[in-house]
Number of protein chains: 2
Amino acid sequence: MSSQHAHSHDHDHGGESWDAHATVALARKGTRRSSARDTVVAALAGQECCASAQEIHSRLRSDGSTIGIASVYRTLELLHGMGLVTRIDTGDGVARFEPTHPDGAHHHHLVCTTCGAVEAFQDDALEEAIHRVADRVDFRVDAHDVALRGACRACR
Amino acid sequence: MSSQHAHSHDHDHGGESWDAHATVALARKGTRRSSARDTVVAALAGQECCASAQEIHSRLRSDGSTIGIASVYRTLELLHGMGLVTRIDTGDGVARFEPTHPDGAHHHHLVCTTCGAVEAFQDDALEEAIHRVADRVDFRVDAHDVALRGACRACR
DNA sequence: CGCGGTAATGATAACCATTATCAAGTAAAC
DNA sequence: GTTTACTTGATAATGGTTATCATTACCGCG
Ligand SMILES: [Mn+2]
Ligand SMILES: [Mn+2]
Ligand SMILES: [Zn+2]
Ligand SMILES: [Zn+2]
């Protein structure tokens with residue numbers, strides 16, 4: 001008897017929803033429909049920032065799903081390989097994942113080295129600087145990561 | 001030979017080698033002298049870019065050292081905690097380490113997602129952009145990481 | 001529909017970088 | 001030289017991630 005909250009965190013990022021985008025991309029790729037994958041896609045769609053595979057798994061299980069941890073990892077790997085998911089390494093040995101928005105909108109992370117908290121930030125000048133570096137180097141740059149490490153407000 | 005600077009920041013060791021800088025810092029911290037640590041410090045001093053703990057260990061063993069892998073990890077952790085070593089996470093589940101130069105000079109990395117190659121690059125405009133972000137956010141920023149991912153010249 | 005081929009699943013074993021443990025070794029204080 | 005406790009190297013343990021495998025179930029085809 002689990003009363004479900006009517007309160008839903010829909011993180012509508014303006015244009016096309018990531019959920020629909022990902023579903024179409026998976027269909028186009030020719031994968032079969034499965035409840036395990038649908039569940040992980042739904043979980044990702046509801047995230048504002050990054051979450052680890054185990055966090056996603058725990059959340060799904062406590063919501064009544066019987067999905068296995070292996071399916072969570074498999075789906076994340078699949079989506080990551082398709083460019084639908086961004087993988088973030090905060091340096092604690094745990095990979096975190098968040099949806100890659102089709103319009104290119106994204107953010108980077110502030111990591112507290114004391115308590116492990118992760119916050120997001122966005123900065124156009126930084127993006128521009130990265131873009132210029134990418135054009136200059138002898139390397140085809142597909143993606144980039146930025147992490148600022150230090151102490152959060154609470155730990156400072 | 002121990003010229004002591006009473007009121008100086010950590011950045012005014014211009015021209016001094018990282019090897020000497022690290023040795024002085026360790027002595028000041030009060031650690032005992034040990035061959036295992038000296039060997040790791042020497043190995044770090046001799047590398048231009050990052051290397052994993054296991055790479056450092058293998059290199060030392062093939063050079064005749066009998067150092068154990070645990071001592072390599074221990075020394076890297078000690079130096080990292082003292083701010084003498086920078087830890088880099090390229091996303092393959094292996095931490096890499098490189099000396100932190102006392103004058104603040106540093107670089108960031110291009111990571112080939114095909115062959116795993118790591119190259120270094122340096123960009124002042126990018127550093128400036130990061131500096132501005134660090135001043136703007138409600139977070140004390142001590143360090144930062146940038147990784148550009150894609151395909152190296154050979155894999156392109 | 002009802003097969004049947006096979007992608008997908010979940011439990012679990014294996015993997016592997018890193019960390020903890022501990023008896024033995026050793027630098028430095030006394 | 002003796003003492004103290006820091007350090008070491010081997011090895012066990014840890015924990016996130018990946019591989020394995022028997023079972024399930026999606027879906028094209030007749
Ligand atoms: Mn960016
Ligand atoms: Mn920098
Ligand atoms: Zn914190
Ligand atoms: Zn390459």
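Proteins come first, then strands; the chains are lettered A, B, ... in the order of their sequence lines, and each starts at number 1.
For the ring pair (Phe, Tyr, Trp, His ring centres under 6.0 Å) test, residues two or more places apart in sequence or in another chain that qualify with B:His107 are B:His109. Qualifying salt bridge (charged side-chain N to carboxylate O under 4.0 Å, His left out) partners for B:Arg61, counting only residues two or more places apart in sequence or in other chains: none.
The aromatic ring centres of B:His144 and B:His131 sit 6.0 Å or more apart. For B:His21 and B:His101, the distance between ring centers is not under 6.0 angstrom.
When the C1' atom of D:dC26 is taken as reference, atom CG of A:Leu26 falls 15 Å away, rounded to whole Å. Rounded to an integer number of Å, the gap from A:Tyr73 OH to D:dT20 P is 18 Å.
Between B:Glu98 and B:Arg87 there is no salt bridge, since no side-chain nitrogen of the basic residue lies less than 4.0 Å from a carboxylate oxygen of the acidic one.
For DNA chain C, the span of nucleotides reached by chain A at under 4.0 Å from its heavy atoms goes, 5' to 3', from C:dG5 to C:dA11.
Nearest-nucleotide mapping onto DNA chain C: of B:Arg74 and B:Val94, the residue sitting toward the 5' end is B:Val94.
Listed by first and then second residue, the side-chain hydrogen bond (donor to acceptor under 3.5 Å, both in side chains) pairs involving residues 62-73 of chain B are B:Ser71-B:Arg74 (not counting sequence neighbours). Sequence neighbours left out, the pairs with a member in residues 119-129 of chain B that pass salt bridge (Lys or Arg N to Asp or Glu O under 4.0 Å) are A:Arg136-B:Asp123, B:Glu128-B:Arg132.
Each end of the helix from C:dC1-D:dG30 to C:dC30-D:dG1 gets its own axis, taken as the rotation carrying the C1' atoms of four end pairs onto the next four within a five-pair window, and the two axes meet at 20° to the nearest 10 degrees.
Applying the under-4.5 Å side-chain rule to Ile, Leu, Val, Met, Phe, Trp and Tyr, the cluster around A:Val94 consists of that residue alone. In the hydrophobic clustering (ILVMFWY side chains linked at under 4.5 Å, chained through shared members), B:Val72 is joined by B:Trp18, B:Leu26, B:Val40, B:Val41, B:Leu44, B:Ile56, B:Leu60, B:Ile67, B:Leu76, B:Leu78, B:Leu79, B:Met82, B:Leu84, B:Val85, B:Phe97. Think of B:Val24 as one node in a network of Ile, Leu, Val, Met, Phe, Trp and Tyr side chains linked at under 4.5 Å; it has no links at all.
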Item to check | Audit row: B:Ser17, B:Asp19, side-chain hydrogen bond (donor to acceptor under 3.5 Å, both in side chains) steps and yes/no | outcome: CA-CA 5 Å; B:Ser17 73; B:Asp19 196 335; 5.7 Å; no
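Note: the hydrophobic cluster containing B:Leu110 also contains A:Val133 (ILVMFWY, side chain heavy atoms under 4.5 Å, direct or indirect links).
Put simply, the side chain of A:Asp89 never gets that close to the backbone of A:Gly91: no donor and acceptor are under 3.5 Å apart. Panel note: side chain B:Arg37, backbone B:Arg32; a donor-acceptor pair is recorded below 3.5 Å.
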Between protein and nucleic acid, restricted to nucleotides 1-5 of chain D and to nitrogen or oxygen atoms under 3.5 Å apart, what atom pairs and distances do you find?
residue, atom, partner, partner atom, Å
D:dA5, N3, B:Arg32, NH1, 3.3
D:dA5, N3, B:Arg32, NH2, 3.3

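A heavy-atom distance below 4.0 Å to DNA chain C is reached by none of the residues of residues 76-86 of chain B. Across residues 33-63 of chain B, B:Arg33, B:Gln54 each have a non-hydrogen atom less than 4.0 Å from an atom of DNA chain C (numbered order).
B:Ser52 contributes atom OG, which lies 9.0 Å from atom CZ of B:Arg59 (distance to the nearest 0.5 angstrom).
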